[in-house]
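Notes follow once the structure below has been shown.
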Amino acid sequence: DTSGTQTPAASATTESPMAASGPFGAACSTVPASGAGSLDAMAQDPVATAAANTPELSTLVTAVTKADLVDALNTAQGITVFAPTNDAFSALPKPTLDKALGDPKGLLTTVLTYHVVQGQLAPDQLAGSHKTLQGGTLEVSGSGEDFKVNGSSSVVCGNVKTANATVYLIDQVLLPKS
């Protein structure tokens, strides 16, 4: 009987890390279960490296690399990153995205650093106003596993730990008030 060598594929996807102390949100299911981009691997890597291994964040990683912020993010201690997913970048008007990517040391850096706050915020510390590295303020509302940033962007996978940051994946790119 040669069919005994197959492993049922469903067994790897039945568990969901939804405990309050761990990651939460529907988009967490898109994180690889094992390997470089898995939650366990991300906890060992600094934040930009962890993001680089997360398929959902490839556009963000491209932007961070273009803005030359990889080392700054990887060496920062105790930060919280609101990380826009690929869908969040896709939702931006193309001229806006092209303008930002075309100005990596100016507009792109401004937008990206607006997504980072000092301190590793646990979910119970998330609601409220937070000063960003860009200098602006983010307003987070909600509780439990349901949070909005600046009233419109939803946290789709939150409380993801990296070696130096807590990451909240969001479904819209946040633009600082000019």
Side-chain angles (χ1 to χ4, degrees), residues 23-28 31 42 45-52 54 56-178:
F24 63 84
C28 290
V31 174
M42 282 196 273
D45 287 330
V47 66
T49 302
T54 306
E56 278 298 296
L57 299 176
S58 61
T59 306
L60 175 62
V61 170
T62 298
V64 165
T65 303
K66 230 182 198 336
D68 202 20
L69 292 172
V70 172
D71 288 344
L73 289 173
N74 275 346
T75 58
Q77 290 307 307
I79 56 174
T80 296
V81 177
F82 294 91
T85 61
N86 292 342
D87 287 346
F89 279 100
S90 296
L92 277 180
K94 187 160 171 29
T96 304
L97 183 59
D98 289 347
K99 183 177 177 190
L101 291 173
D103 184 13
K105 294 293 183 211
L107 182 61
L108 187 60
T109 295
T110 298
V111 170
L112 292 173
T113 55
Y114 186 66
H115 289 77
V116 183
V117 300
Q118 199 59 51
Q120 286 184 260
L121 301 174
D124 63 352
Q125 301 168 307
L126 212 51
S129 297
H130 304 287
K131 189 171 177 18
T132 70
L133 296 189
Q134 173 266 340
T137 303
L138 293 179
E139 293 293 333
V140 182
S141 59
S143 63
E145 296 183 356
D146 185 20
F147 292 97
K148 289 247 189 251
V149 185
N150 288 353
S152 59
S153 184
S154 296
V155 172
V156 294
C157 178
N159 203 29
V160 176
K161 301 283 193 256
T162 71
N164 67 328
T166 302
V167 179
Y168 292 87
L169 279 69
I170 55 175
D171 66 359
Q172 289 183 18
V173 175
L174 306 170
L175 300 173
K177 293 175 182 70
S178 46

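With a 4.5 Å cut-off on side-chain heavy atoms, Glu145 and Asn159 do not count as touching. Between Phe82 and Val140 there is a side-chain heavy-atom pair separated by less than 4.5 Å. Counting heavy atoms from C-beta outward, Leu112 and Leu60 have side chains that approach closer than 4.5 Å. Side chains of Pro46 and Thr162 form no contact here, defined as non-hydrogen atoms less than 4.5 Å apart. Residues Val156 and Glu56 have side chains not in contact (no heavy-atom distance under 4.5 Å, counting atoms from C-beta outward).
Lys94 NZ: 12 or fewer foreign heavy atoms inside a 6.0 Å radius. For NZ of Lys161, the number of neighbouring non-hydrogen atoms (other residues, nucleotides, ligands) closer than 6.0 Å is greater than 12.
Taken from OG1 in Thr75 to CG in Asn164, the straight-line distance is 8.0 Å, to the nearest 0.5 Å. Rounding to the nearest 0.5 Å places NE2 of His115 at 3.5 Å from CG of Leu174. Here Tyr168 contributes atom OH and Ser153 contributes atom OG; the two are 14.0 Å apart, rounded to the nearest 0.5 Å. Distance NE2/His130 to OG1/Thr137: 10.0 Å, rounded to 0.5 Å. In this structure, Thr113 OG1 and Leu69 CG are separated by 7.0 Å, a value rounded to the nearest 0.5 Å. Between atom OG1 of residue Thr166 and atom CD of residue Gln125 there is a gap of 8.5 Å, rounded to the nearest 0.5 Å.
The minimum heavy-atom distance between Ala27 and Cys157, with the atom names listed, is C-CB, 3.9 Å. For Leu108 against Ala100, the heavy-atom pair with the smallest separation is CB-O, 3.2 Å. Scanning both residues, Ala165 and Val47, for their nearest heavy atoms gives CB-CB, 3.7 Å. Heavy atoms only, all atoms of each residue included: Thr109 and Pro104 are closest at OG1-O, 2.6 Å. Contact record, Ser152 with Asp171: O-OD1, 4.3 Å, taken as the closest heavy-atom pair. Closest heavy-atom contact between Ala127 and Gly142: CB-O, 3.6 Å.
Put simply, the residue from Thr96, Thr59, Val111, Leu97 that forms a side-chain contact (heavy atoms from CB on, under 4.5 Å) with Val173 is Val111.
For the side-chain contact (heavy atoms from CB on, under 4.5 Å) test, residues two or more places apart in sequence or in another chain that qualify with Val116 are Leu73, Ile79, Val81, Leu133. Asp103 is linked by a salt bridge (charged side-chain N to carboxylate O under 4.0 Å, His left out) to nothing, counting only residues two or more places apart in sequence or in another chain.
Inspection of the Lys148 and Ser154 side chains reveals an N or O donor paired with an N or O acceptor under 3.5 Å. Under 3.5 Å, the side chains of Gln120 and Thr80 contain no donor-acceptor pair of N or O atoms.
Ring geometry for Phe24 versus Phe147: interplanar angle of 30 to 60°, hence tilted.
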**OP:** Evaluate the criterion side chain to side chain contact (heavy atoms under 4.5 Å, CB included) for residue pair Tyr114 and Leu175; output intermediate values, then yes/no.
**Re:** CA-CA 7 Å; Tyr114 186 66; Leu175 300 173; 6.0 Å; no

